[in-house]
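Scope of the values below: all heavy atoms of this structure, side chains included, with no hydrogens, waters or symmetry mates. Reminder, nothing fancy here: chain letters follow the sequence lines and each chain counts from 1.
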Amino acid sequence: MTALTSPPARPEAARGSVLPSLIARLGAQHLSLIGALVVVLAVFGTLNDNYLSLGNLQVIAEAATITGLLAVVQTVVIICGGLDISVGSQAGVASVVSAMAFTSAGSNAYAGIAAAVAVGLLIGLLNGAVIVHGRVNPTIATLAGLAAYKGLAQLISDGRAQGYVLGDPVFVFLGRGRIAGLPVMVWLLVLVALAVHVLLARTDLGRNLYAIGGNDTAARLAGININKYLIAVYGLIGIVAAVAGVLLTARTGSGQPTSGSEGLELKAITAAALGGCALKGGKGGVGGTLLAVALLGCLENGLTVQGINSFWQNVAQGALLVVAVVIQQRRSGERAIGLPA
Amino acid sequence: MTALTSPPARPEAARGSVLPSLIARLGAQHLSLIGALVVVLAVFGTLNDNYLSLGNLQVIAEAATITGLLAVVQTVVIICGGLDISVGSQAGVASVVSAMAFTSAGSNAYAGIAAAVAVGLLIGLLNGAVIVHGRVNPTIATLAGLAAYKGLAQLISDGRAQGYVLGDPVFVFLGRGRIAGLPVMVWLLVLVALAVHVLLARTDLGRNLYAIGGNDTAARLAGININKYLIAVYGLIGIVAAVAGVLLTARTGSGQPTSGSEGLELKAITAAALGGCALKGGKGGVGGTLLAVALLGCLENGLTVQGINSFWQNVAQGALLVVAVVIQQRRSGERAIGLPA
Amino acid sequence: STGQQSGSGDGGVAKVDGKISITYLQKQGDQEYFVGEAAGAKARAAELGVDLKVVNLGSDANKTVSEVQSALAQKSNGLIVVVPDPAVGPQVVQAARDAKVALLTSDDQICADGPDPAACAKEQLVPRIGFSGAQMGGEVGKRAAEEFTKAGWNAADTRVISAWKQDVTVCGDRVKGARQAFDAAVPGVKAIDVATDNTPTGAQDKVAATVTANPGVKHWVVWGCNDENVQGGVTALANAGFKAEDVAGVGLGAYLACKDWKSGQPSGMKAALFINGKDVGALAVQTVYDKLKNGKEFPAEAFAPTRMVDAADWQDAGVSCG
Amino acid sequence: MTTPPDHSPPPLPPGTAGVVAVGKRFGAVRALGGVTLDFPGGQVTALMGENGAGKSTLLKILTGDHQPTEGHLHLDGHRLDLRSPADARAAGIRIIPQEPEIIPHVTVAENVYAGSLPRRAGRRLDRAELRRRILADLERLGFAGVLDPDLLGSQLTPAQRQLVEILRALTGEAKVIAFDEPTSSLSEQEVEALFALIRRLRADGVAVVYVSHRMQEIFRLADRIAVLRDGELAGVQDAAATNEGELVRLMVGRDLSAMFTRERVATDRVVLDVKGLSTDDVHGIDLRVHAGEVVGLAGLIGAGRSELALALAGDLPIRSGTATLNGKPLGGSPGAAIRAGLGLAPEERKAQALFLHRSIRDNTSVAVLERLRRFRFVRRGAEKQLAQEYTERLRVRTPSIEHEVRKLSGGNQQKVVLARWLARKPEVLILDEPTRGIDVGAKAEIYRIIADLAEQGVALLVISSELPELLGLADRIVVMQGGRITGELDRADATEEAVLHLAMADDLTPRNPSPGATS
Ligand SMILES: Nc1ncnc2c1ncn2[C@@H]1O[C@H](COP(=O)(O)OP(=O)(O)OP(=O)(O)O)[C@@H](O)[C@H]1O
Ligand SMILES: Nc1ncnc2c1ncn2[C@@H]1O[C@H](COP(=O)(O)OP(=O)(O)OP(=O)(O)O)[C@@H](O)[C@H]1O
Ligand SMILES: O[C@@H]1[C@@H](O)[C@@H](O)CO[C@H]1O
Ligand SMILES: [Mg+2]
Ligand SMILES: [Mg+2]
């Protein structure tokens with residue numbers, strides 16, 4: 001198993017034992033992110049004794065899970081040259097659906113989850129179809145989805161939190177359970193991230209996704225059925241966004257039409273971009289995205305723990321984003337728009 | 001004078017008298033937008049007697065002004081291959097600054113406006129510098145700006161509305177005045193739109209912006225100083241965003257750190273994209289963008305006037321966005337990602 | 001111009017003979033409380049045969065101005081407004097007066113000639129059906145103090161979590177009110193301000209971080225801008241392993257608190273101030289109707305009934321729990 | 001007979017530019033090292049060398065696009081520091097780059113004058129003047145009928161894009177003009193016009209630098225020939241005093257076997273059968289290619305060859321007629337065509353074929369992944385082996401197969417495109433301008449691979465604008481003009497004249513560029 005990052009530019013490094021190679025690979029590609037993460041951990045760890053406690057690290061991980069899930073699938077769609085701005089709204093629909101189906105199936109959690117995933121898949125396929133068959137630019141199509149699915153979630157829930165799932169062992173397990181000391185939610189993120197990483201880095205499907213994002217004409221002429229891939233990717237997003245919605249329900253105890261899901265798209269896209277995805281496609285990987293999710297999560301938690309007011313938090317987050325990317329760009333030596341080499 | 005739209009593919013059409021050519025050109029390029037606009041006006045006009053009244057049309061125009069201003073400058077930056085997601089936050093800073101400077105200069109409106117524009121210019125130049133010299137992708141840089149400038153607005157205002165400008169004739173004139181029956185705000189939009197149109201379509205500066213966005217390597221090799229242009233464009237955005245912020249203050253009566261400016265970036269980008277700007281640069285024009293602003297404004301007003309609940313409004317707006325773009329794509333015959341011709 | 005007239009003295013407003021049309025402009029129209037308020041208003045409008053439109057302003061002061069203008073262009077006879085920010089008040093008042101249309105505010109106060117209702121001359125305050133943020137906060141703080149005392153906790157190992165979105169003015173008023181009342185009753189308990197986005201998940205994440213950063217604390221008091229904040233905080237504490245008896249959450253709204261109570265499980269959500277949005281909406285519509293139909297003057301201020309409820313009595317109080 | 005680089009007297013003519021001890025590194029790759037070379041005014045200096053030898057890099061340094069890591073430039077006896085292409089333009093140095101850079105949504109006229117658009121007071125664009133200028137320049141340079149100034153950049157064919165670059169470089173005052181493989185996508189007619197132009201430039205005292213892999217061209221044009229090998233100057237020759245063999249030896253360091261020849265191995269089995277096929281711009285095509293046969297497709301710019309290839313490959317809609325491969329119908333999608341056994345190495349490597357940010361390995365294996373996978377996992381070992389094999393056979397100059405393709409020289413990128421399709425081994429292989437920008441050594445290898453494939457029974461359709469190449473390779477040459485087939489020549493009857501006759505059937509008078517001074 002190689003590192004959680006984009007398919008190796010140098011597979012030699014993938015040999016040898018797992019951990020050192022993973023660290024070596026992640027390190028080389030994401031030095032600025034790792035540097036920033038270390039600085040954040042060191043600063044807040046020094047300022048506050050409990051920041052680096054197991055408990056707080058778990059809190060950070062749990063808080064980052066839903067964003068993390070959406071950032072991982074955002075990575076996939078960005079790699080193949082698209083974007084999904086509607087993930088937050090999709091999660092909202094799924095959250096409401098899961099709680100309502102749960103309730104109307106006589107408190108059956110599996111019914112709730114199944115209904116949410118089914119609806120998520122449908123929405124994802126609809127996005128894909130609009131983009132592929134309607135020939136709509138992915139940004140615009142999902143911008144429309146952002147509004148439309150939010151409205152949908154509000155309509156079916158009448159704008160109110162729906163149901164109450166904290167009496168149900170399955171939902172409680174999802175929201176609060178632990179396996180081997182790690183929150184169930186975090187396990188879920190790890191699972192999804194690993195699966196997507198393997199898909200991207202090790203399978204021909206993943207290769208083809210990079211190809212599509214790198215040069216769609218070339219991909220088409222190489223025999224790749226771009227339309228099918230795009231629809232499948234948006235379907236996958238729908239499913240994972242539904243899982244995120246179910247977790248939202250499990251965490252808050254009820255189905256939330258907008259609360260908790262609004263703005264998730266921006267967080268997910270920010271993480272993917274900070275993690276090294278080129279917004280024009282063809283580049284990026286799960287490893288970088290997860291590092292970025294971790295960095296943003298640790299920063300937000302640290303600022304909160306230090307009691308920094310939310311206004312400063314905004315400033316700090318914006319500044320960090322720029323600094324991390326500047327370092328990254330300098331290192332990669334890539335030319336941004338119009339600069340001399 | 002040619003039409004308010006992207007540069008002529010066939011300059012012959014630009015000859016002849018102004019109005020017919022304008023209509024012909026707008027018509028040919030934006031048939032789906034015009035069609036959608038006509039449908040919207042007809043439907044709501046039939047349903048509601050007051051919808052097409054002069055009063056209501058003015059209300060629509062006034063309500064669309066601030067979005068319109070930002071959409072016009074968004075058009076410029078999209079044409080040259082960038083993006084500015086921080087325009088809303090910039091307007092927020094300007095709004096607060098205008099009110100606070102007004103107050104501390106002993107109720108001097110000109111001081112307030114000058115301070116806001118100066119700060120806007122500074123922020124714009126900072127964005128440009130980060131993108132050009134920091135080599136940061138414009139999306140990420142201004143995503144960071146979105147957070148940072150919002151935080152800045154909140155910090156300087158302590159998160160509260162600032163000052164009170166309704167006793168001042170200048171602000172009252174900006175917010176409520178009319179010239180020749182048209183609101184001053186709308187005149188401002190017309191002025192800015194015309195200036196930007198002339199810049200884009202009629203000056204070599206504008207043509208260079210199309211070159212930069214269409215192919216930055218070609219532009220660089222042609223000796224165009226891309227860095228200077230980008231910094232100037234972001235500076236221009238800063239200034240226009242500041243004007244939008246001043247209008248926000250004039251309209252609401254005080255400096256608003258976030259209220260009224262949050263989310264403006266998405267509206268501006270939506271309008272530019274719907275108006276025909278290709279998000280990858282090199283294409284678009286003021287005419288299409290203004291049409292899109294009008295369409296979105298008329299739709300929103302119509303839905304509200306009909307008493308449609310806000311949840312349905314979300315669904316309807318999303319759906320219309322998709323439909324308009326689908327029609328546009330079909331007509332232009334452009335191939336979206338990977339589609340057979 | 002404006003200075004002459006008092007807030008309630010909108011003398012130009014004439015009685016309406018035919019069908020009355022009213023526009024209800026609400027901030028945060030997708031928030032649970034306001035969804036209820038709109039439902040109450042619509043139900044009463046239907047009873048009265050009034051043509052009612054409800055408009056969601058979100059948190060957009062600029063849209064407030066646009067929508068007021070739009071409603072006036074539509075020849076609405078009366079406006080009921082919940083402003084996203086009180087500073088936009090004078091603009092709303094001005095527009096309504098110019099058009100000689102009846103203006104009532106609900107929930108939050110506005111001033112005819114200045115941005116800050118707290119600094120407003122009494123006659124410049126616009127008539128209102130609603131509640132006072134400071135007063136509601138006061139009740140929350142009082143109840144929180146009672147819970148603290150009843151539980152027998154001490155100041156040393158107890159902390160207060162005060163959670164709100166820091167750029168929402170009315171939120172600030174509420175938590176300040178809570179703090180004052182609480183401190184007056186049980187001085188010396190340290191409070192931690194937690195900046196949230198006013199959503200349950202946002203509050204949950206922020207409170208979770210705050211809790212791990214304060215490991216010595218045994219008991220927690222939680223209040224905030226609304227039920228979202230308090231419910232999120234209480235859930236975070238439950239996730240962090242605090243038992244229900246070590247947490248005293250006092251909600252504001254009761255629409256989320258009731259879900260815990262309905263389930264019958266032990267909960268850190270000990271009480272909540274129930275504001276019946278439905279009643280507020282209905283009362284607002286009724287008041288405007290009476291004025292336009294019968295010429296009955298607006299009362300300067302009519303407070304919606306609020307009531308502190310808990311697991312034992314929420315159903316009697318009429319909290320409907322979706 | 002290597003002449004050592006030398007720029008002591010005799011004194012240099014005015015307008016001479018040059019590099020002194022110039023070197024350039026890209027990370028670990030040394031593209032150029034210590035090159036000292038003059039480009040005298042009023043002479044054509046040809047620059048030759050294998051793919052990746054450093055030719056484009058040298059030109060990019062000369063034109064301010066790259067800054068040298070060592071050494072410096074001079075012009076007219078003064079040291080020159082160029083920080084950008086704008087600096088170079090201002091100094092009178094121009095380039096026609098190897099890859100045309102076109103601005104998609106503006107007109108040809110604006111493309112040509114980008115950066116120096118005519119304007120009136122207040123920076124207002126002077127459209128009338130722009131039009132006047134482009135028409136005059138098109139006329140002056142002999143491209144009047146070939147290029148509509150109102151077309152948008154996105155509508156141009158590769159040849160037209162190349163013409164735009166030529167126009168760009170030839171407008172305004174220039175002292176030094178560098179051509180980086182300008183003819184690789186031009187057909188005879190435009191090539192002749194270009195050569196006439198270059199001769200005029202030389203007569204006007206311009207220092208012309210000319211990069212090409214085509215020996216014929218070099219000997220027709222050049223006064224001096226400089227050869228680069230592995231980033232170093234291998235020698236400078238007087239064109240009149242050298243020959244092909246010597247140049248090849250300088251370039252590759254050894255002799256190459258004589259002219260390529262191959263035996264006919266075609267069978268009677270029809271593999272590709274096209275009947276009455278029409279697309280939007282191609283009409284009534286009847287064409288058969290047999291197993292083991294190499295059919296050459298000749299024609300001028302816009303004759304419709306590439307369009308036919310794309311239609312067969314499933315990427316352009318077929319309006320009427322049929323095309324079958326071993327009886328299976330073609331059309332639908334590129335994927336379907338590939339599964340039916342057809343492969344197309346397209347004409348435009350950057351736009352249509354390459355994943356510039358991916359490795360050589362990824363680029364080579366993309367069309368063969370389904371043979372390289374177990375379940376859906378790519379077998380890395382097999383993949384590496386395949387990429388390694390073709391990289392070596394085609395002599396791709398690269399530090400490793402993991403190198404990103406965008407970092408390769410133009411010719412080496414072209415080899416990667418070919419590697420992909422040669423590795424796929426389809427039953428019908430269409431190669432559209434396969435040797436565009438490829439050096440002599442690698443060309444020979446590609447011809448050998450084509451011959452091998454034919455021997456294995458593959459049916460090959462080769463599109464090329466380089467007639468000698470087609471004449472050497474093809475068993476049969478089919479000629480197109482205006483979207484139709486105008487004739488077919490058997491190997492025995494095929495001569496350049498015969499092919500050109502068919503390609504220009506209606507218009508046999510070559511259009512000579514109108515005389516007149518260049519600036
Ligand atoms: N002068 C022209 N102006 C615009 N489009 C042209 C012109 N000539 C040809 N085309 C377009 O080019 C396509 C046919 O050319 P195609 O590229 O297939 O020809 P080709 O023989 O391969 O020549 P080339 O050497 O240019 O590749 C058609 O789409 C046609 O519309
Ligand atoms: N931007 C770059 N990054 C890394 N390496 C580069 C870059 N540009 C060129 N090189 C390397 O520099 C060397 C010289 O390349 P150059 O493009 O100058 O070759 P060339 O002689 O023009 O070849 P061709 O005939 O194929 O065009 C090659 O090894 C190439 O891989
Ligand atoms: O958010 C609160 C809501 O919970 C209700 O209390 C009414 O006022 C709003 O500001
Ligand atoms: Mg080259
Ligand atoms: Mg061709």
If one checks every heavy atom of Ile85(B) against chain A at 4.5 Å, the contacting part turns out to be neither

Under 4.5 Å to a heavy atom of chain A? For Asn225(B) that would be neither

*With no hydrogens and no angle check, do the side chains of Asn309(A) and Gln154(B) hold a donor and an acceptor under 3.5 Å apart?*
no

Of Ser310(A), Ala219(A), Ala278(A), Gly318(A), the largest count of non-hydrogen pairs under 4.5 angstrom with chain B goes to Gly318(A)

Hits for salt bridge (Lys or Arg N to Asp or Glu O under 4.0 Å) against Glu265(B), two or more places apart or cross-chain, chain-then-number order -> none

Of all heavy-atom pairs linking Gln313(B) and Ile308(B), the shortest is NE2-O, 3.1 Å

Interface check, chain B: of Leu143(A), Val322(A), Thr139(A), most non-hydrogen pairs under 4.5 Å belong to Leu143(A)

Under 4.5 Å to a heavy atom of chain B? For Leu146(A) that would be side chain

Residue pairs meeting side-chain hydrogen bond (donor to acceptor under 3.5 Å, both in side chains), one or both in residues 140-150 of chain A, sequence neighbours left out, come to Asn127(A)-Tyr149(A), Lys150(A)-Glu262(A)

Have Tyr229(B) and Asn208(B) got a donor and an acceptor in their side chains that come within less than 3.5 Å?
-> yes

